Amino acid sequence: MPYLPEHARASTLIKTYAGHQVGLFSLAVEKMAALAHPDHDTPFLPATQIAKNTVAYLRAQGVNTIILLSHLGYDKDKALAAAVKGIDVIVGGHTHVLQGDFQNIGLEAQDPYGYQVNDTWIVQAGCHAQSIGRFTLSIDEKGRPTAFNGQNYVLLGRSLAMDASREQQLTATSYQAARDYLNSQSNVLILPSDLDLKHHLQQTYRPQVAQLERDIVTHVPERLRHVRVPDGEGSSDVAPLVTESFLWAAREQGIDAEFAIHNAGGVRVGLNAGPLSAALIAGTLLPFAIDVIAYRVTGEQIRSALEGAINNATNNGVAGLGTGSFPYCAAIRYRYEAWRPMGQRITQLEIKRGEHWVAMDDAHRYTGVSSSYTAQGKEGYDALQTGRRRSIGLSMAECFIRYARQQNALALPSQPLVCYLSTPDQTQTCWGQ
């Protein structure tokens, strides 16, 4: 962690509302250097101490109402609220928690909107602009909060469909019944389109998107779900296919690649059954325009990278950076046992040779491919930061589009390549059992 000057604080903004001063400041993930590509001289300092210093500074300016805009993550927000006095509201992000009870529209109930830790209320409003939070903070004559009231709202447009791909429209009767029900829900807002913005999008971007939507690259025979960390239903269906596309595309480019690794967070959605368009791949499934990189690493480095990425993903919250680092592979399979000591959790690591699986040699060097983000050692993949590397000349989406065009239908691997065991008594069938 960089040196922390004694009085280092965040930049602040002081706004006046009805004669009362409100102080605002923001904090980002302390380990942002492991997530992004900051300049070498951009420091990321301990969030808790910076928050304490900033609150003290605002208090000294006579500001008694303080709001933090946080990109630390939900668990870290809770820990910060417990450790730092004087923050009235934390408006959080990074972990995309949709607070509130949305069981009425088929979603899970989460913590209430405005989760309180000591005298601090914490709010989050999901992701992808699918919802919005709104709250009222009542204060007394000294600017100290007396009450908090608010909730999240799921945002919907006026058109409704039977499935997310919008291939199946509701009948008139079903549509009206659905609209009547949704209109009666206090946590749902149905909003009209902004006509000026809609016209701009249709004129500027829609023709190119429509062209990609007409470009059907393959067929998805059944729903393929995506999860980051394997759960009770198993691991991701989609991430292994994406990773396989990297390996296939590298070999098509004449690179003698032996395996591929990709982080789960780089895959954004599951896939519904039906036609799969280039637009959905480039715009939704793999929306980051990131190159795929070839590199050389030893078996030991692969083992270390896999464990580091999983440890980062499963230690999410206060210490970890997020579940998105969980690794999926092509032509590699591994077994991870979480209860073992650090450095010993990958208990089986094999590479595919023809139709057979053989143990990887820790001392041998292998050629792999990953997104440039993963290959640069982000989010626990530090061990991959070694040796020569080069772009294969294709982005992630381009790899998957080219790969998918060669498939009549996207088929799952015959067996999962991830055996993730969180406890010694966990019952999961892995290969060779």
Side-chain angles (χ1 to χ4, degrees), residues 96 98 106-108 126-130 159-170 208-250 252 260-290 292 313 322-331 369-371 373-374 394-418 420:
H96 306 162
L98 178 62
L107 302 177
E108 294 182 357
C127 60
H128 300 149
Q130 295 172 343
S159 61
L160 302 172
M162 290 179 65
D163 64 280
S165 68
R166 308 182 75 83
E167 292 292 327
Q168 296 176 292
Q169 298 295 322
L170 292 167
Q208 294 93 322
V209 173
Q211 182 178 352
L212 290 173
E213 287 176 337
R214 292 190 294 269
D215 184 5
I216 303 302
V217 298
T218 192
H219 179 78
V220 182
E222 59 181 309
R223 164 74 181 170
L224 302 178
R225 76 181 195 122
H226 176 56
V227 293
R228 292 183 171 186
V229 179
D231 57 20
E233 297 181 41
S235 55
S236 172
D237 295 330
V238 182
L241 293 171
V242 172
T243 311
E244 182 67 33
S245 77
F246 294 176
L247 182 59
W248 179 90
E252 285 292 299
I261 300 174
H262 189 43
N263 63 304
V267 179
R268 306 308 286 181
V269 295
L271 295 175
N272 290 321
L276 179 61
S277 70
L280 192 145
I281 294 171
T284 305
L285 178 66
L286 299 168
F288 306 118
I290 297 175
V292 173
T323 55
S325 64
F326 194 92
Y328 287 91
C329 304
V369 287
S370 297
S371 71
Y373 180 84
T374 297
L394 298 170
S395 70
M396 298 191 301
E398 288 170 334
C399 288
F400 195 75
I401 289 171
R402 293 188 178 199
Y403 169 79
R405 289 193 196 281
Q406 308 305 311
Q407 319 295 320
N408 292 326
L410 288 181
L412 292 176
S414 58
Q415 60 178 214
L417 304 183
V418 173
Y420 170 72

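Throughout, residue positions are numbered sequentially from 1 according to the sequence presented. Computed from a prediction, not measured in an experiment: that's the story for all the values here.
Residues S371 and F246 come closest through the heavy atom pair N-CE1, 4.2 Å. Considering every non-hydrogen atom in both A330 and E244, the closest pair reads CB-OE1, 3.5 Å. Between I216 and P275, the closest heavy-atom pair is CG2-CB, 3.8 Å. When all heavy atoms of A239 and S236 are compared, the closest pair comes out as N-OG, 2.9 Å. Here the closest heavy-atom approach between residue C399 and residue V292 is recorded as SG-CG2, 3.8 Å. Residues A404 and T218 approach most closely at O-CB, 3.3 Å, considering heavy atoms.
Aromatic ring orientation, H128 versus H96: tilted (interplanar angle from 30° to 60°).
In this structure, the side chain of S235 does not engage the main chain of P230 through any donor-acceptor pair within 3.5 Å. Looking at T323, its side chain never comes within 3.5 Å of a backbone N or O of V229 through a donor-acceptor pair. A donor-acceptor pair under 3.5 Å links the side-chain atoms of S325 to the main chain of A313, judged by distance alone. The backbone N or O of V242 lies less than 3.5 Å from no partner atom in the side chain of H262, so there is not a single donor-acceptor pair.
Side-chain rings of Y420 and F326 approach one another, their centers coming within less than 6.0 Å.
The side-chain heavy atoms of L271 and L280, taken from C-beta on, include a pair separated by under 4.5 Å. Between V418 and P416, every side-chain heavy-atom pair lies at or beyond the 4.5 Å cut-off. Between R268 and F288, some side-chain heavy-atom pair lies under the 4.5 Å cut-off. Side-chain contact between R225 and E233: present, with at least one pair of heavy atoms (C-beta onward) separated by less than 4.5 Å. The shortest side-chain heavy-atom distance between T243 and I261 does not fall under the 4.5 Å cut-off. Side-chain contact check for Q407 versus L241: every heavy-atom pair is 4.5 Å or farther apart.
To the nearest 0.5 angstrom, L247 atom CG is 10.5 Å from E252 atom CD. One distance of note links OG of S277 with CG of L285; it measures 10.0 Å at 0.5 Å rounding. Rounded to the nearest 0.5 Å, atoms CD (E398) and CZ (R402) are 6.5 Å apart. Atom OG of S245 and atom CD1 of I281 lie 9.0 Å apart (nearest 0.5 Å). Rounding to the nearest 0.5 angstrom, the gap separating the OG atom in S370 from the CE atom in M396 is 11.0 Å. Distance check, rounded to the nearest 0.5 Å: CG of L160 to CG of L170 gives 6.0 Å.
The 12-atom threshold is not exceeded at CD of E108, counting heavy atoms of other residues, nucleotides or ligands nearer than 6.0 Å. By the 6.0 Å contact criterion, CD on Q211 is open, its count of non-hydrogen atoms from other residues, nucleotides or ligands being 12 or less.
The ring-ring contact (aromatic ring centres under 6.0 Å, His included) search around F400 returns none, not counting sequence neighbours.
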